[in-house]
Amino acid sequence: MTAEAGTKLEIETEIEFDIEDLKHDLETTRKTDRWHDAPPEVKDIFHQLEWNIIEGEFPETPDFINPLLEQSVAARTLIAGPMSTGIAEVGRRFKMDEYFLPEVMMSAKCMQAALNILKPLIIAEKAADVGTCVIGTIQGDLHDIGKNIVAMMLEAAGFNVVDLGVSTPPADFIAAIREHNPQIVGFSALLTTTMNMQGETLKLIVAEGLREQVKVMVGGAPISQDWADRIGADAYCVDALVAVEKAKACMNEYGNVPGGASDLRDNLLAMDSQ
Ligand code: B12
C-alpha cells in the first residue's frame, strides 16, 4: 500500500482474477483473497461490498461505500476493485442459471447506487479540456454500467463527453458526430447478439465520409482486439482505465493521425503491452 497524492489510499486492483477462483473463494470463505495491501478494516468492508452487490441489496449499498470513502479509499479503487469482482460473480451466476434476471437487476441497482455517490467525486478531479468524445451503447443493447464508467473516467480526464445513452441507432451516432465534431467515438456492446451493430455503425460512419475525422474505440464484455480488427475500429479497450489512456494518446501522440489509419491501430494496440 502506498499513499496517493493527497491522503488517498492506493490499493492494488489490477490483479487478474479467474472467475472460477473467485467462485471458490466466495463460496468457501465468503471472502476473496484479494486486496492484500489493503488495511484489514478496509478489506473487511470490501468483502461486505462485494456481497452487497452479489446479493443485490441496493438500499444498503451506500452503507458500504460511504465508510470506505471516509477511510480515504479512492472512488476509482472501489470501481476497479470490489464493485468489479462483485458484478463479475453476478454474471457468472447468471450464466450458470444460478441467478435469473430479477437478481441481476437488483445487483445492477447496487452498482448504480454506488456510481451515483462516486460520480461527483470522480468528475471533481476534472483535468483541463482535452477534446470531445461521443459515446453510446449500441442499438439493441440496454447495458450501460460499463459505458457510464468509461464516460465518467473520460470526463474526469478532461474530455467533453456526449453520452448518447443505450440502444443508440447508427444514425444517432452520425448526427452526434456532425453536431459535436468529436475526435473520439466510443461504442459499447455487452451482447453477442448486438456486437454486430458496432460494425454496422462503423460502416455508416465510413459511408458518410466521416471516418478520417474520428478515432473509434470499442469495448464491452464480448469485445476483443480480434473483433475490433474485424470491424476496423482503431482501438479495443478492456476497461475504463485503458480507455482513458488510449483516448489521451489519440489526442496527444496521435492527434494528427487520421481515424482508420493502420499505424494508429498498431500504436494503440502496442499500448496494451507497455
Ligand atoms: C448487469 C447486467 C444486466 C443488467 C444491465 C443493467 C444496466 N443498466 O446496464 C440487466 C438486468 C438489465 C441485463 C439485461 C440483459 N442481459 Co445482462 N448482464 C449484466 C452483467 C451481469 C453485468 C454487466 C456489467 O454491468 N458489468 C460491469 C461493467 C463495469 O463491466 P463492462 O460492462 O464489461 O464494462 C467495462 C469494459 O467492458 C469496458 N467498456 C464497456 N463499454 C465500453 C465502451 C467503450 C467505448 C470502451 C472504450 C470500453 C468499454 O470498460 C468498462 C469499465 O471498465 C453481465 C455479465 C458480464 N460478465 O458482463 C450480463 C450479460 C452481459 N447479460 C447477458 C444477457 C443474456 C442479458 C439479457 C439478454 C437477459 C434476458 N434474457 O433478457 C438482457 C439484455 C437486455 C438488452 N437488450 O440489453 C449476458 C450476455 C450473453 C451474451 N453472450 O450475449 C451476460 C454476459 C450474462 C451471462 N453471463 O450470460 N443485464
Side-chain angles (χ1 to χ4, degrees), residues 13-14 17 19 22-23 53-54 56 58 76-116 118 122 133-154 157 159 161-168 173 182 184-198 201-202 214-225 227-228 231 233-250 268 271-272:
T13 55
E14 284 184 17
F17 62 86
I19 195 74
L22 184 64
K23 168 179 182 274
I53 292 169
I54 295 167
F58 58 89
R76 290 158 194 266
T77 304
L78 297 184
I79 295 173
M83 289 171 60
S84 202
T85 47
I87 197 75
E89 170 63 8
V90 173
R92 188 199 65 76
R93 289 180 181 206
F94 186 49
K95 192 172 171 188
M96 302 314 289
D97 285 340
E98 291 169 24
Y99 268 14
F100 297 97
L101 213 47
E103 283 102 336
V104 183
M105 287 174 85
M106 308 254 286
S107 298
K109 282 191 180 183
C110 293
M111 293 290 281
Q112 213 46 64
L115 291 174
N116 288 345
L118 300 179
I122 289 180
C133 174
V134 162
I135 191 168
T137 302
I138 221 74
Q139 188 166 33
D141 200 323
L142 301 175
H143 295 85
D144 66 356
I145 296 171
K147 183 263 299 165
N148 291 346
I149 293 173
V150 174
M152 197 190 297
M153 299 289 193
L154 286 172
F159 282 87
V161 177
V162 180
D163 187 345
L164 303 180
V166 295
S167 197
T168 311
F173 277 99
I184 296 168
V185 176
F187 306 149
S188 183
L190 267 285
L191 298 170
T192 45
T193 48
T194 59
M195 58 195 274
N196 191 42
M197 285 311 293
Q198 291 191 339
T201 307
L202 193 36
V214 292
K215 281 139 181 151
V216 176
M217 306 204 312
V218 291
I223 307 305
S224 61
Q225 183 64 45
W227 174 255
I231 65 172
D234 296 306
Y236 159 66
C237 308
V238 68
D239 62 26
L241 298 178
V242 173
V244 168
E245 288 316 307
K246 292 192 178 179
K248 287 205 273 192
C250 284
L268 293 173
M271 291 176 69
D272 288 341

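Everything quoted here is computed from the prediction, not taken from an experiment. Counting starts at 1 for both ligands and their atoms, in listed order.
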Is it true that [X] lies under 4.0 Å from ligand 1, counting heavy atoms only?
{"X": "G140", "result": "yes"}
{"X": "G220", "result": "yes"}
{"X": "V238", "result": "yes"}

I'd like to check which ligand 1 atoms, numbered from 1 as shown, lie under 4.0 Å from a non-hydrogen atom of [X].
{"X": "I87", "result": "22 (C), 27 (C)"}
{"X": "A243", "result": "47 (C)"}
{"X": "G186", "result": "45 (C)"}
{"X": "I149", "result": "29 (C)"}
{"X": "C237", "result": "47 (C), 48 (C)"}

Ligand 1 versus [X], non-hydrogen atoms closer than 4.0 Å: side chain, backbone, both, neither?
{"X": "D239", "value": "both"}
{"X": "A221", "value": "both"}
{"X": "S188", "value": "both"}

List the closest protein heavy-atom neighbour of atom 7 (C) of ligand 1: residue, atom name, distance to the nearest 0.1 Å.
D144 OD1, 3.4 Å
Name the closest protein heavy atom to atom 78 (O) of ligand 1, giving the residue it belongs to and the distance to 0.1 Å.
L142 N, 2.6 Å
Between the main-chain N or O of [Y] and the side-chain N or O of [X], is there a donor-acceptor pair closer than 3.5 Å?
{"X": "Y99", "Y": "I54", "answer": "yes"}
{"X": "T194", "Y": "A189", "answer": "no"}
{"X": "D141", "Y": "L191", "answer": "yes"}

C237 side, atom SG; L268 side, atom CG - distance, nearest 0.5 Å:
8.0 Å
Separation between OG of S107 and CD1 of I87, rounded to the nearest 0.5 Å
5.5 Å
Any N/O of T192 closer than 3.5 Å to an N/O of ligand 1?
yes
Go through K246 and D234 one step at a time and tell me if the salt bridge (charged side-chain N to carboxylate O under 4.0 Å, His left out) criterion holds.
CA-CA 10 Å; K246 292 192 178 179; D234 296 306; over 6 Å; no
So does M271 have more than 12 non-hydrogen atoms from other groups sitting under 6.0 Å from CE?
yes
Are any of the side-chain heavy atoms of [X] and [Y] separated by less than 4.5 Å?
{"X": "L101", "Y": "F94", "answer": "yes"}
{"X": "L115", "Y": "M152", "answer": "yes"}
{"X": "V214", "Y": "P182", "answer": "yes"}
{"X": "I184", "Y": "V134", "answer": "no"}

My question is simple, although I want it checked carefully: is [atom] less than 4.0 angstrom from any protein heavy atom?
{"atom": "atom 49 (C) of ligand 1", "result": "yes"}
{"atom": "atom 11 (C) of ligand 1", "result": "yes"}
{"atom": "atom 3 (C) of ligand 1", "result": "yes"}
{"atom": "atom 71 (N) of ligand 1", "result": "no"}
{"atom": "atom 85 (C) of ligand 1", "result": "no"}
{"atom": "atom 14 (C) of ligand 1", "result": "yes"}
{"atom": "atom 27 (C) of ligand 1", "result": "yes"}

Between L202 and Q198, does a side chain to side chain contact (heavy atoms under 4.5 Å, CB included) hold up when you go through it step by step?
CA-CA 6 Å; L202 193 36; Q198 291 191 339; over 6 Å; no
Shortest non-hydrogen pair, V242 vs V238, comes out as CG2-CG1, 3.8 Å
Any residue meeting side chain to side chain donor-acceptor pair (under 3.5 Å) with E98, in chain and number order, not counting sequence neighbours:
R92
For atom 17 (Co) of ligand 1, check which protein N, O or S atoms are under 2.8 Å away and list them.
H143 NE2
